[in-house]
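Data block below; observations after.
Remember, predicted model here, so these are calculated numbers, not experimental data. To find a chain, count down the sequence lines: A is the first, B the second, and so on, and within it residues start at 1.
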Amino acid sequence: MVKLRIKEILSLDGNNSEITVEGWIRTRRESKEITFIEINDGSTINNLQTVVDKKIENYESIIQQLNNGSGVTIRGRLVPSPGQGQNVELLADKIQIHGDAPVDKYPLQKKRHSFEFLRTIAHLRPRTNTFGAIARVRNAMSFEIHNFFQSRGFLYVHTPIISGSDCEGAGEMFQVTTFKLNEAPVLDGEIDYTKDFFGKRSFLTVSGQLEGEIYACALKNIYTFGPTFRAENSNTARHLAEFWMVEPEMAFCDIDLNMDVAEEFLKYIFASVLEKCKDDMEFFDKRICAGLLKNLDHIINSEFIRIDYTEAVERLKRSKNNFEFPVKWGLDLQSEHEKYLTEKLFKKPVIITDYPREIKAFYMKANNDNKTVRAMDVLVPRLGEIIGGSERETDYEKLQNRIDEAGLRSSDYWWYLDLRRFGSVPHSGFGLGFERLVQFVTGMQNIRDVIPFPRCVKTLDF
RNA sequence: UCCCCUGUAGCUCAGUCGGUAGAGCAGUUGGCUGUUAACCAAUUUGUCGCAGGUUCGAGUCCUGCCGGGGGAGCCA
């Protein structure tokens, strides 16, 4: 007798072999002489149809508990199924109920629930088709991210979660302290952080990039993949307070090679998930987002458009679209502009480069025109910006000036500046919000549904 | 944070002009059937988000608060 996962069982021939299956009942259909129950164990979106003859020994004692949600172990024989919809089915000999799920109390019903409702029962939602599929796809994507970088010689670097400075001015930060807030020590009217745990103010990281650069400037190619925190008061379907970010950093790499890697990376992840999560992806295509598979295929097999910011602005000016926000060189592109470029004009991913320096981060390398920097944003249909990256400034003086201009204290960045004093080389990298990538791949509309336990403004359950 | 929409049965929703609460699904009971979103019949279920106000009378109109959704900003 062998214990198999349902994914494996469904690929077997029904040759009457005895097997044991462990899982949760998804649905029950009762007949006069027999009862059909479908079992799911998370290994696949597909259920194993199990036929329960009312003559099996403990039928009377378990029938009340053979409900949607009950956890069961079933021993039986695998046979070809005479019915439609499945190749094999299990003829149960012995059923053990571990824990039942009373139908009048169990919130999950055998029907479609709204995602809003399922968010309120995040402890039960992975038992649904959609959230099971998301969990498997998310898992596969994580694994493939490592695969992509590992197979290309990138080192996985663990950058810190707790940070001593607002690394790139990238948004609001969560403060970390061991002070009791109403008893924090005060010196000259200000809170005395020298008495706090680290002896200075500390925060949760908003990016591992600056530390990533340190390792890239020693080991050539590295990547980070870890949690990131933003305390912004943003309430949208694509923002989380706690999310996972992928940040490769490459030495001896300019902006063009950086774009090549970003494009290859996205295509690799899409292709791998399509191959490894076929059933789940077909489910998303059918139930969540029509045309999803076709769209991903199209992206895998097409070249991304690459234009610079100046040309993007020209294109937008020439378009007949009535934009709500003005299009003018020097202003940042709005969501509606990005959507126009990627959804209407080009109908595929677009990489925009060379933005005005005023609207981009201090660490980005200045072009010779002294007006633009070597930034690159990858825009995709439906989501907008999915990747933001740049070639980094390598010149000590220029970087120092940019830090001053940004109103940051260069003393906080002495180690970052030091990378430009000793063996400074061209280097580039990008950041990718993992949940946004999962959103794009699955077609899910709300980012809170592609992370198991979302943390957002005013939301911290489970 | 701003704009718009929304909150009614366990779930998904309808509720007109202000007149005292409705459907589908689920549940329960019965029937039928190698079923597969099973089917057929009957049937139970309500602090109408919370607090105030207008009114003879409020699910419905007004004010405030809370939750949810969409869009924007910020951003990944």
Side-chain angles (χ1 to χ4, degrees), chain A residues 26-39 46-54 64 67-69 79-86 89 91 102-121 124 128-129 168-172 205-209 227-247 287 323-325 332-339 359-361 377-380 383-389 430-440 445-451 456-459 461:
Chain A
R26 275 295 175 78
T27 172
R28 177 181 81 184
R29 294 179 293 273
E30 220 168 330
S31 256
K32 198 161 208 169
E33 301 300 325
I34 54 178
T35 293
F36 296 92
I37 53 177
E38 292 195 24
I39 312 297
N46 299 308
N47 300 326
L48 175 64
Q49 173 161 288
T50 301
V51 184
V52 185
D53 194 306
K54 295 190 175 174
Q64 289 298 324
N67 293 322
N68 180 24
V79 298
S81 175
Q84 300 288 304
Q86 61 278 318
E89 63 188 21
L91 298 180
V103 284
D104 56 331
K105 299 199 178 67
Y106 189 52
L108 287 178
Q109 298 176 2
K110 203 173 66 179
K111 58 167 281 191
R112 238 197 80 85
H113 290 290
S114 67
F115 293 132
E116 292 81 15
F117 172 66
L118 291 172
R119 248 170 255 154
T120 68
I121 50 167
L124 297 173
T128 64
N129 285 333
E168 49 175 288
E172 297 296 313
T205 184
V206 292
S207 167
Q209 181 197 318
T228 307
F229 308 87
R230 302 274 168 94
E232 263 132 25
N233 187 10
S234 44
N235 215 299
T236 80
R238 51 182 199 287
H239 285 89
L240 292 165
E242 176 183 299
F243 63 99
W244 288 65
M245 192 149 66
V246 180
E247 294 177 290
R287 294 294 183 86
F323 294 115
E324 190 187 339
F325 292 91
D332 208 354
L333 300 180
Q334 303 289 320
S335 291
E336 57 173 349
H337 305 142
E338 297 180 346
K339 277 188 178 147
I359 59 173
K360 286 292 181 184
D377 284 358
V378 182
L379 313 180
V380 292
L383 262 191
E385 183 183 339
I386 197 167
I387 282 179
F430 60 84
L432 166 125
F434 181 56
E435 282 75 17
R436 287 192 183 170
L437 192 64
V438 180
Q439 263 189 289
F440 189 72
Q445 298 210 328
N446 197 310
I447 200 167
R448 300 173 190 203
D449 297 326
V450 297
I451 189 167
C456 327
V457 183
K458 299 278 187 292
T459 303
D461 297 317

For the residue pair A/Asn446 and A/Arg119, establish whether any side-chain heavy-atom pair is separated by less than 4.5 Å. yes
Quick note, A/Ala237 side chain, CB onward, closest among B/A72, B/G34, B/G70 is B/G70
Name the nucleic acid region contacted by A/Glu30, choosing base, sugar-phosphate or nothing; use a 4.0 angstrom heavy-atom cut-off, strictly under. base
For B/U36, does either OP1 or OP2 sit under 4.0 Å from a side-chain N or O belonging to A/Thr27? no
For residues A/Ile386 and A/Phe440, determine if any side-chain heavy atom of one lies less than 4.5 Å from a side-chain heavy atom of the other. yes
From CG of A/Asn67 across to C1' of B/A26 the rounded distance in Å is 12 Å
Could you check how far NE2 of A/His239 sits from C1' of B/U1, rounded to whole Å? 13 Å
Which listed nucleotide (B/U12, B/A38, B/C74) is nearest to the side chain of A/Arg29? B/A38
For atom C1', what is the distance between B/G10 and B/A26, given to the nearest Å? 7 Å
With rounding to whole Å, what would you report as the distance between B/A58 and B/A51 at their P atoms? 15 Å
Could you tell me the separation between the CG atom of A/Asn68 and the C1' atom of B/U35, rounded to a whole number of Å? 16 Å
Mapping A/Ser81 and A/Ala241 onto RNA chain B by nearest heavy atom, which one lands closer to the 5' end? A/Ser81
Counting side-chain heavy atoms from CB outward, which of B/U35, B/G68, B/G73 is closest to A/Glu116? B/G68
What nucleotide among B/G34, B/C75, B/U1 has an atom nearest to a side-chain atom of A/Phe36? B/G34
Find the distance A/Arg119:CZ to B/G69:C1' and express it as a whole number of Å. 9 Å
CG of A/Asn47 versus P of B/U36: gap in Å, rounded? 15 Å
With a 3.5 Å limit on both atom pairs, tell me what B/U63 is paired to, counting Watson-Crick and G-U wobble, or say none. B/A51
Pairing check on B/G30: which nucleotide meets the Watson-Crick or G-U wobble criteria with it, both distances under 3.5 Å? B/C40
Could you tell me how far B/U45 sits from B/A38 if I compare only their C1' atoms? Round to whole Å. 25 Å
Determine which nucleotide pairs with B/G24, using a 3.5 Å limit on both distances of a Watson-Crick or G-U wobble pair. B/C11
Would you mind telling me which of B/G10, B/G73, B/G34 lies closest to the side-chain atoms of A/Val51? B/G34
At under 4.0 Å between heavy atoms, what does A/Gln84 touch on the DNA or RNA strands: base, sugar-phosphate, or nothing? base
Per nearest nucleotide of RNA chain B, the residue lying toward the 5' end, A/Asn446 or A/Gly83, is A/Gly83
B/U36, OP1 or OP2 - any side-chain N/O from A/Ser31 closer than 4.0 Å? no
Would you say A/Asn47 and A/Gln86 make side-chain contact, with heavy atoms under 4.5 Å? no
Categorize A/Ile386 for me: base, sugar-phosphate, or nothing, with a 4.0 angstrom heavy-atom threshold over every strand shown. sugar-phosphate
Taking C-beta and beyond as the side chain, do A/Leu432 and A/Ile387 meet within less than 4.5 Å on heavy atoms? yes
Any side-chain heavy-atom pair of A/Thr128 and A/His113 under 4.5 Å: no
When the C1' atoms of B/C39 and B/C32 are considered, how many whole Å apart are they? 8 Å
Just checking A/Phe117: base, sugar-phosphate only, or nothing, at a heavy-atom cut-off of under 4.0 Å? sugar-phosphate
Mate of B/U16 where both pairing distances stay under 3.5 Å, Watson-Crick or G-U: none
Here the distance between atom P of B/C75 and atom NZ of A/Lys339, to the nearest Å, is 17 Å
B/A21 versus B/U60 - spacing of their P atoms, nearest Å: 14 Å
If you measure from the P atom in B/G68 to the same atom in B/G57, how many Å do you get, rounded? 35 Å
Hey, is the side chain of A/Asn235 poking within less than 4.0 Å of OP1 or OP2 on B/C74, counting only N and O atoms? no
Candidates B/G34, B/A37, B/A72 - which lies nearest the side chain of A/Lys110: B/A37
Side chain proximity check, A/Leu108 to A/Leu118, heavy atoms < 4.5 angstrom: yes
Answer yes or no: is there a side-chain heavy-atom contact under 4.5 Å between A/Gln209 and A/Met245? no
Has the side chain of A/Arg230 got a donor or acceptor atom that lies under 3.5 Å from a matching backbone atom of A/Val206? yes
Are A/Gln334 and B/A72 close enough that a side-chain N or O sits under 4.0 Å from OP1 or OP2? no
Measure CG/A/Leu333 against P/B/C74 and give the value in whole Å, please. 11 Å
Quantified in whole Å, what is the C1' atom distance between nucleotide B/C61 and nucleotide B/G30? 47 Å
Could you work out which one of B/G73, B/G68, B/C75 sits closest to the side chain of A/Thr459? B/G68
Out of B/C74, B/G70, B/C25, whichever nucleotide has its closest atom nearest the side chain of A/Arg238: B/C74
From CD of A/Gln49 across to P of B/U36 the rounded distance in Å is 10 Å
Among B/G73, B/G34, B/G69, the nucleotide that comes nearest once only the side chain of A/Ser335 is considered: B/G73
Base, sugar-phosphate, or nothing for A/Gln86, non-hydrogen atoms under 4.0 angstrom? base
Rounding to the closest angstrom, what is the interatomic distance between B/G22 and B/G15 at atom P? 15 Å
Which listed nucleotide (B/G34, B/U1, B/G69) is nearest to the side chain of A/Glu89? B/G34
Is A/Lys54 paired with A/Glu30 through a side-chain N to carboxylate O contact shorter than 4.0 Å? yes
